[in-house]
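Report on the structure given below.
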Amino acid sequence: MLQIQDNMNILNNMTSRFPAFSLTGIPGLESAHAWISIPFCCLYAIALSGNSMILIVISTQQSLHEPMYYFLSMLSATDLGLTLSTMSTTLGILWFGANEVSLDRCIVQMFFLHGFSVMESGVLVSMAFDRYVAICDPLRYTTILTNSRIIQMGLLVITRAVILILPLQLLLKSLSFCRMNPLSHSYCYYPDVIKLACSDTRANSICGLVALILSTGIDMPCIVLSYILIIRSVLSIASPEEQQKAFSTCVSHIGVLAIFYVPLMSLSLVHRYGGSAPKVVHSMMASVCLLLPPVLNPIIYSVKTEQIRKAILRLLPAK
């Protein structure tokens, strides 16, 4: 009897040290995963091809070597990163039923997933600053947003993401997980993972809150302030036609802001206050949160930006 108990203790320690997590596809529709994978594959294909096309167009067309399009290429690069960071586990579940994932693999996925999310938020702030300078101080636009300054802004966006996200992932290694841990999504999501820990997670929660404040908590007020200044500057223009032209240059960016921040905040609210919500709600919110921006961003900029649209048409083979 004592030997059995000792063996059970050893097994529990191994489980605590090498935890496994069970990812979730679409709850209640497991038998239809093969069919559900079809629209998912289409969305992933649109996201990968659309953002790749934006990057190719901007890098090959000399006329698009301007600050606005450099920031757009950064946005497309982060969207590609977001797409690739979740595609393997999502399609693995839908195609092969590969639900189990180790803690180490979870940590790697969360580093890229949350890292690219923080980068995208930083890029959106940079794009808001670009629109502010273009509308409020157009005569100094090229002297303020030089190539070297744009590179510095890009490096700052990457550095901030690494500094904020890396400690969160390292802290996860010190937690204990005592059983098979079912996650709410088809990928590892930080708030979802720490809820399943058996040990004290106060340090993780505090660091997570600090990271949130230093990313979205700073970025959103900066974007709002930029647009307040933009609106004030545009309204001071006497001509209604000039006002409309100035506002039209911000339409694409405003659309991108909406499809990034609204699903992200909705997912956070569901995790915090939606404990009684059906599991399918968590799953669908997670899919919308990460797939919507990479799919729609290239479409928005291709439709609303004439220069991008014309450059894409030039690259397409003639009939």
Side-chain angles (χ1 to χ4, degrees), residues 67-68 70-72 74-79 81-82 113-138 140-141 144-145 149-168 189-191 204-237 243 246-273 285 288-290 292-294 296-297 300-301:
M68 173 183 173
Y70 289 145
F71 290 125
L72 177 55
M74 294 181 195
L75 182 67
S76 292
T78 57
D79 280 337
L82 274 175
L113 169 62
H114 293 291
F116 280 117
S117 295
V118 172
M119 285 184 207
E120 180 145 350
S121 184
V123 171
L124 291 175
V125 174
S126 302
M127 297 175 81
F129 178 69
D130 169 76
R131 291 299 85 204
Y132 163 75
V133 175
I135 292 173
C136 300
D137 199 359
R140 297 178 58 210
Y141 181 74
I144 293 175
L145 289 172
R149 188 157 293 161
I150 292 170
I151 293 173
Q152 291 171 0
M153 293 170 71
L155 291 174
L156 179 61
V157 166
I158 296 171
T159 304
R160 183 186 70 159
V162 173
I163 291 174
L164 292 180
I165 301 302
L166 187 58
L168 297 179
Y189 184 62
Y190 186 78
N204 302 75
S205 298
I206 291 170
C207 286
L209 180 61
V210 170
L212 183 65
I213 292 172
L214 294 178
S215 54
T216 308
I218 291 177
D219 294 348
M220 290 189 69
C222 288
I223 292 170
V224 171
L225 177 61
S226 295
Y227 273 97
I228 289 174
L229 297 174
I230 288 171
I231 291 170
R232 189 179 70 174
S233 177
V234 171
L235 292 179
S236 65
I237 301 173
Q243 289 182 356
F247 277 129
S248 66
T249 64
C250 301
V251 170
S252 299
H253 184 242
I254 292 171
V256 168
L257 288 171
I259 64 175
F260 177 74
Y261 283 114
V262 172
L264 192 65
M265 290 187 293
S266 301
L267 181 62
S268 298
L269 290 174
V270 166
H271 266 281
R272 187 166 184 82
Y273 303 109
M285 283 295 301
V288 168
C289 179
L290 289 186
L292 202 62
L296 292 183
N297 286 350
I300 289 173
Y301 274 98

Query raised in the report: Would you find a donor on one side and an acceptor on the other, under 3.5 Å apart, between the side chain of Y301 and the backbone of V256?
Result: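 Such a contact is absent between Y301 side chain and V256 backbone.
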
Measure the spacing between [atom1] of [X] and [atom2] of [Y] and express it to the nearest 0.5 Å.
| X | Y | atom1 | atom2 | answer |
| --- | --- | --- | --- | --- |
| C207 | I165 | SG | CD1 | 11.0 Å |
| L209 | L214 | CG | CG | 9.5 Å |
| N297 | T78 | CG | OG1 | 8.0 Å |
| L166 | L164 | CG | CG | 10.5 Å |
| L124 | Y261 | CG | OH | 5.0 Å |

Quick check: do [X] and [Y] have side-chain heavy atoms less than 4.5 Å from each other?
| X | Y | answer |
| --- | --- | --- |
| L145 | F71 | yes |
| I231 | F247 | yes |
| L113 | L290 | yes |
| R131 | T249 | yes |
| L82 | E120 | yes |

Query raised in the report: Does a sphere of radius 6.0 Å around OH in Y132 hold more than 12 heavy atoms from other residues, nucleotides or ligands, not counting ones at 6.0 Å or beyond?
Result: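 No, not enclosed.
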
Query - Candidate pair I150 and M74, rule side chain to side chain contact (heavy atoms under 4.5 Å, CB included), full reasoning - result: CA-CA 10 Å; I150 292 170; M74 294 181 195; 3.5 Å; yes

Between [X] and [Y], which heavy-atom pair has the shortest distance, and what is it?
| X | Y | answer |
| --- | --- | --- |
| L168 | A211 | CD1-CB, 4.1 Å |
| V118 | S215 | CG1-CB, 4.1 Å |
| P138 | A134 | CB-O, 3.3 Å |
| C136 | I230 | SG-CA, 4.0 Å |
| S117 | F260 | O-CZ, 3.5 Å |
| I135 | S233 | O-OG, 3.9 Å |

Query raised in the report: Is there a side chain to side chain contact (heavy atoms under 4.5 Å, CB included) between V125 and V157 once you walk through the steps?
Result: CA-CA 10 Å; V125 174; V157 166; over 6 Å; no

Report task. Determine whether the side chains of Y141 and D130 contain a donor N or O and an acceptor N or O closer than 3.5 Å. Result ->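 Their side chains do contain a donor-acceptor pair, which is all the 3.5 Å distance test asks for.
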
Requested in this report: Under the side chain to side chain contact (heavy atoms under 4.5 Å, CB included) rule, what do T159 and V162 come out as? Steps first, then yes or no, please.
Outcome: CA-CA 5 Å; T159 304; V162 173; 5.9 Å; no

Requested in this report: Using the salt bridge (Lys or Arg N to Asp or Glu O under 4.0 Å) rule, collect all pairs that involve residues 220-234, keeping only residues at least two apart or in two chains.
Outcome: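 Every candidate salt bridge (Lys or Arg N to Asp or Glu O under 4.0 Å) pair involving residues 220-234 fails, so no pair, neighbours aside, qualifies.
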
Requested in this report: Sorted by first residue and then second, give each salt bridge (Lys or Arg N to Asp or Glu O under 4.0 Å) pair with at least one member in residues 153-166; sequence neighbours left out.
Outcome: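 Non-adjacent pairs meeting salt bridge (Lys or Arg N to Asp or Glu O under 4.0 Å): R160-D219.
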
Query raised in the report: By ring-ring contact (aromatic ring centres under 6.0 Å, His included), which residues pair with Y227, not counting sequence neighbours?
Result: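 Expected list: H253.
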
Report task. Evaluate side chain to side chain contact (heavy atoms under 4.5 Å, CB included) for M127 paired with L257, printing each intermediate quantity in order. Result -> CA-CA 10 Å; M127 297 175 81; L257 288 171; over 6 Å; no

